[in-house]
Amino acid sequence: MKKQAKLIVHTGSMFSGKTTSLWRELYRMKIAGYKTVAFKPSVDSRHEDEKIISHDNLELDALKIDSINDILEYSSRNEVDAIGIDEVQFFPDNPTEIVECFLKLMKSHITIVVSGLDMDYKARPFEIVKELMPIADELIKHHAICASCGEDAWVSFRKSYNEERIEIGAQGSYEPLCRSCYTKKMKDREKSKNQISIEKYKKTL
Ligand SMILES: Nc1ncnc2c1ncn2[C@@H]1O[C@H](COP(=O)(O)OP(=O)(O)O)[C@@H](O)[C@H]1O
Ligand SMILES: Cc1cn([C@H]2C[C@H](O)[C@@H](COP(=O)(O)O)O2)c(=O)[nH]c1=O
Ligand SMILES: [Zn+2]
């Protein structure tokens, strides 16, 4: 009888080890004789097309796809036992559709290992990860080290003032922070924004 498929979710802030864990999980499955394949969203332009690369420089061959439905298409044409998906929060598909797609894959005995951010730079949950958490067979919340105080990090702080939800980047653009360092930095940022507005206003007088 075929092994029962699982949904394994690796989540947390940036630099917390999600991609490293995805890499390790697929590596172990390959040793166990599983036919594995990894996917990444086409919006993730950080590295060359056909690779997922962790902040530690671990590399995984990957297929770049526009929609989660491309995985169903792929698995209907190829034999596959386990799939890995990096940066799941970037897929444009509606979360319900993604969950349906995952359930179909699992019905076909395909194990799914997902890596994705739980929250954006404003500490707002990414909807798809919120949907996947309760239905996961295994849910692992990883923690980076807070770049300010060395405690466990909670969220990814964006260094730039860009307000778009998606901004591809790494160390230059983000740093992981614990709850209290994040709250303090956001307050300081608000103060400096207000100060800039006051200065601008004064110049118009
Ligand atoms: N502040 C930090 N805390 C923990 N790891 C960090 C930090 N900054 C850089 N790193 C590196 O990031 C690696 C994790 O990378 P990766 O698995 O790609 O994380 P994620 O996919 O969660 O962003 C760590 O093993 C470490 O080498
Ligand atoms: C917090 C946050 C992050 N991003 C981007 C930045 C990176 O390109 C990825 C996360 O990669 P990692 O493997 O988890 O380090 O997401 C974003 O677009 N918006 C955000 O709010
Ligand atoms: Zn801290």
Self-check item: Donor-acceptor pair between Ser156 and Glu175 side chains, under 3.5 angstrom
Solution: no
Practice problem: Give a yes or no answer on whether the side chain of Arg189 reaches the backbone of Lys159 with a donor-acceptor pair at less than 3.5 Å. | Solution: yes
Quiz item: So, the side chain of His143 versus the backbone of Ala153: is there a donor-acceptor pair under 3.5 Å, distance only?
Solution: yes
Quiz item: So does Glu87 pair up with Lys40, basic N to acidic O under 4.0 Å?
Solution: no
Practice problem: Please confirm whether the backbone N or O of Gly12 pairs with a side-chain atom of Ser16, one donor and one acceptor, at under 3.5 Å? | Solution: no
Self-check item: Pairing residues for His55 by the ring-ring contact (aromatic ring centres under 6.0 Å, His included) criterion, not counting sequence neighbours
Solution: Phe15
Quiz prompt | Sequence neighbours excluded, every pair satisfying side-chain hydrogen bond (donor to acceptor under 3.5 Å, both in side chains) that has a member inside residues 129-140 | solution = Lys6-Glu138
Quiz item: Would you find a donor on one side and an acceptor on the other, under 3.5 Å apart, between the side chain of Lys18 and the backbone of Asp86?
Solution: no
Exercise. Could you list the residues that satisfy side chain to side chain contact (heavy atoms under 4.5 Å, CB included) with Met133, not counting sequence neighbours?
Key: Thr11, Asp118, Val129, Leu139
Quiz item: When rounded to the nearest 0.5 angstrom, what is the spacing between OG1 in Thr19 and CG in Asn57?
Solution: 11.5 Å
Self-check item: Sequence-distant partners of Asp188, side chain to side chain contact (heavy atoms under 4.5 Å, CB included), two or more places apart
Solution: Lys184, Lys191
Exercise. Any chance you could measure Thr36, atom OG1, to Asp61, atom CG, to the nearest 0.5 Å?
Key: 9.5 Å
Self-check item: More than 12 heavy atoms from other groups under 6.0 Å of CD on Glu151
Solution: no
Quiz item: Going from CD1 on Ile71 to CD1 on Ile110, what distance comes out if it is rounded to the nearest 0.5 angstrom?
Solution: 9.5 Å
Practice problem: List, by chain and then residue number, the residues other than Trp154 in its hydrophobic cluster (Ile/Leu/Val/Met/Phe/Trp/Tyr, side-chain heavy atoms under 4.5 Å); write none if there are no others. | Solution: Met119, Val155, Phe157, Leu177, Tyr182, Met186
Quiz item: Quick one: does Gln89's side chain have a donor or acceptor within less than 3.5 Å of a partner on Leu117's backbone?
Solution: yes
Quiz item: Can any side-chain N or O of Asp56 pair as donor or acceptor with the backbone N or O of Leu58 at less than 3.5 Å?
Solution: no
Show me the donor-acceptor pairs, under 3.5 Å and distance only, between side chains in residues 21-32 and residues at least two apart or in other chains.
unit_1	atom_1	unit_2	atom_2	d
Ser21	OG	Gly17	O	2.7
Trp23	NE1	Glu59	O	3.1
Glu25	OE1	His10	NE2	2.6

Quiz item: What residues form a side-chain hydrogen bond (donor to acceptor under 3.5 Å, both in side chains) with Asn94, not counting sequence neighbours?
Solution: Thr96
Practice problem: With sequence neighbours excluded, tell me which residues meet side chain to side chain contact (heavy atoms under 4.5 Å, CB included) with Arg124. | Solution: Asp120, Tyr121, Lys122, Arg165
Quiz item: Which pair of heavy atoms, one from Ala62 and one from Ile52, lies closest together, and at what distance?
Solution: CB-CG1, 3.6 Å
Quiz item: Has the side chain of Asp81 got a donor or acceptor atom that lies under 3.5 Å from a matching backbone atom of Lys35?
Solution: yes
Practice problem: Could I get the full list of side chain to side chain contact (heavy atoms under 4.5 Å, CB included) partners for Asp70, not counting sequence neighbours? | Solution: Ile65, Asp66, Ser67
Exercise. Find the distance between CG (Leu103) and CD1 (Ile112) and round it off to the nearest 0.5 Å.
Key: 7.5 Å
Practice problem: Not counting sequence neighbours, which residues clear ring-ring contact (aromatic ring centres under 6.0 Å, His included) with Phe90? List them please. | Solution: none
Self-check item: salt bridge (charged side-chain N to carboxylate O under 4.0 Å, His left out) involving Glu100 - partner list, sequence neighbours excluded
Solution: none
Quiz item: Atom OG of Ser115 and atom CG of Leu60: how far apart are they, to the nearest 0.5 Å?
Solution: 10.5 Å
Quiz item: What's in the same ILVMFWY side-chain cluster as Tyr161, cut-off under 4.5 Å, chained through other members?
Solution: none
